[in-house]
Amino acid sequence: PPAHSRHDWIGPPDKHSNLRPIIFYVPPEESPLERRLREARQEAQACNQHFWARHNCAFRQEKEEFIYSRLKAKGLEMRDETGQKATLNAEEMADFYQDFLSKNFRKHMQYNRDWYKRNFTITFLMGQVALARALRWLRWKKKNVGN
């Protein structure tokens, strides 16, 4: 982002996680509370990035293995005679999706619990920052009206 920017910058989706990375704006006079909020947001972003990159990699690998095994069982190759990648029908793929979700159910539940905890913390910190800024603004206004 340009040096004069006063906002977070959001990049294009990551090729592994499909999440958009965020470059967080750091104000020159960031308070300790504002820093805690930014760091909590950065930590949440890093955890999400890590989880979804791993999850999507496993999904793609297991999907390819599933397709290969089903095609092999049918006596087919990964590519047909025209060179096109061979595919399975929707019902066959539904078997894979159901199995993959079942195998990863606990991971998803743990991720969701962690996600909710992080978001609750971020929301709480955002409330504290908003209150601190409002109080700072009121003190500034009172000070300037008194002059």
Next item on the list: Group every Ile, Leu, Val, Met, Phe, Trp and Tyr by side-chain heavy-atom contacts under 4.5 Å, then state whether Ile67 and Tyr97 land in the same group.
Entry: yes

Next item on the list: Take atom OH of Tyr68 as the centre, draw a 6.0 Å sphere, and report whether it contains more than 12 heavy atoms from other residues, nucleotides or ligands.
Entry: no

Item checked: Where Pro21 and Pro12 come nearest, the two heavy atoms and their spacing -> CD-O, 3.0 Å

Next item on the list: Would you name the heavy atoms of Leu71 and Thr87 that are closest together and state the gap between them?
Entry: CD2-O, 4.4 Å

Item checked: Side chain to side chain, His55 and His108, heavy atoms closer than 4.5 Å -> yes

Notebook entry, point to check: Same cluster for Ile23 and Leu19 if Ile/Leu/Val/Met/Phe/Trp/Tyr side chains link at under 4.5 Å?
Noted result: no

Margin query: Between Arg54 and Lys107, is the side chain to side chain contact (heavy atoms under 4.5 Å, CB included) condition met? List the steps.
Written below: CA-CA 11 Å; Arg54 265 193 1 252; Lys107 287 180 191 175; 5.6 Å; no

Next item on the list: Mark yes when over 12 heavy atoms from residues, nucleotides or ligands other than Arg6 sit less than 6.0 Å from its CZ; otherwise mark no.
Entry: no

Next item on the list: Could you walk me through whether Lys72 and Glu77 pass salt bridge (Lys or Arg N to Asp or Glu O under 4.0 Å), step by step?
Entry: CA-CA 7 Å; Lys72 188 176 179 184; Glu77 296 293 323; over 6 Å; no

Checklist line | Backbone N/O of Gly11 and side chain of Arg20: donor-acceptor pair under 3.5 Å | finding: yes

Checklist line | Val26 side chain near Arg35 side chain, heavy-atom distance below 4.5 Å | finding: no

Checklist line | Aromatic contact, Trp52 with Tyr111 (centres under 6.0 Å) | finding: yes

Item checked: Least distance between heavy atoms, Ala53 atom then Ser17 atom -> N-CB, 3.7 Å

Check: Are the side chains of Glu62 and Asp99 in touch, meaning some heavy atoms are under 4.5 Å apart?
Finding: no

Note to self: As a quick check of understanding, evaluate side chain to side chain contact (heavy atoms under 4.5 Å, CB included) for Leu88 and Lys74, giving each step before the final call.
What the structure shows: CA-CA 11 Å; Leu88 299 175; Lys74 293 178 177 184; 4.1 Å; yes

Check: Distance from Met126 atom CE to Leu131 atom CG, nearest 0.5 Å?
Finding: 14.0 Å

Next item on the list: Quick one: pull up CG in Asp114 and CG in Asn119 and give me the separation to the nearest 0.5 Å.
Entry: 11.0 Å

Next item on the list: Would you check if Asp14 and Gln49 make a side-chain contact, meaning some heavy-atom pair closer than 4.5 Å?
Entry: yes

Check: Is the number of heavy atoms from other residues, nucleotides or ligands under 6.0 Å of Phe24 CZ greater than 12?
Finding: yes

Checklist line | Between CG on residue Leu135 and CH2 on residue Trp140, distance to nearest 0.5 Å | finding: 15.5 Å

Note to self: What's the separation between atom CG in Asn104 and atom CE in Met109, rounded to the nearest 0.5 Å?
What the structure shows: 13.5 Å

Next item on the list: Take Lys85 and Glu64, measure what salt bridge (Lys or Arg N to Asp or Glu O under 4.0 Å) needs, and give me the verdict at the end.
Entry: CA-CA 11 Å; Lys85 193 171 185 178; Glu64 285 299 313; 3.2 Å; yes

Note to self: The test is side chain to side chain contact (heavy atoms under 4.5 Å, CB included); show your working for Arg41 and Arg118 and say whether it passes.
What the structure shows: CA-CA 8 Å; Arg41 291 177 65 212; Arg118 281 190 185 85; over 6 Å; no

Checklist line | Considering all heavy atoms, the nearest Leu37-Ile122 contact | finding: CD1-O, 3.7 Å

Margin query: To check you understand the geometry: which heavy-atom pair defines the closest contact between Lys15 and Arg60, and what is its length?
Written below: O-NH2, 4.2 Å

Item checked: Residue of the set Gln45, Glu39, Arg38 for which side-chain hydrogen bond (donor to acceptor under 3.5 Å, both in side chains) holds with Gln42 -> Arg38

Next item on the list: Count the heavy atoms of every other residue, nucleotide or ligand shown that sit under 6.0 Å from CZ of Arg36, and state whether that count exceeds 12.
Entry: no

Note to self: Test side chain to side chain contact (heavy atoms under 4.5 Å, CB included) on Leu76 and Arg70; report intermediate values, then the result.
What the structure shows: CA-CA 9 Å; Leu76 300 172; Arg70 288 287 174 105; over 6 Å; no

Notebook entry, point to check: Without hydrogens or angle criteria, can the side chains of Arg106 and Gln110 be said to hold a donor-acceptor pair below 3.5 Å?
Noted result: no

Check: So do the side chains of Glu30 and Pro27 get within less than 4.5 Å of each other, counting heavy atoms only?
Finding: yes

Margin query: Once you measure the plane-to-plane angle for Phe59 and Phe96, does it fall in the parallel (<30°), tilted (30-60°) or perpendicular (>60°) bin?
Written below: tilted

Note to self: If I compare all heavy atoms of Leu125 with all of Ala40, which pair ends up nearest, and what's the gap?
What the structure shows: CD1-CB, 4.0 Å

Check: Do Glu92 side-chain atoms and Asn89 backbone N/O form a donor-acceptor pair below 3.5 Å?
Finding: yes

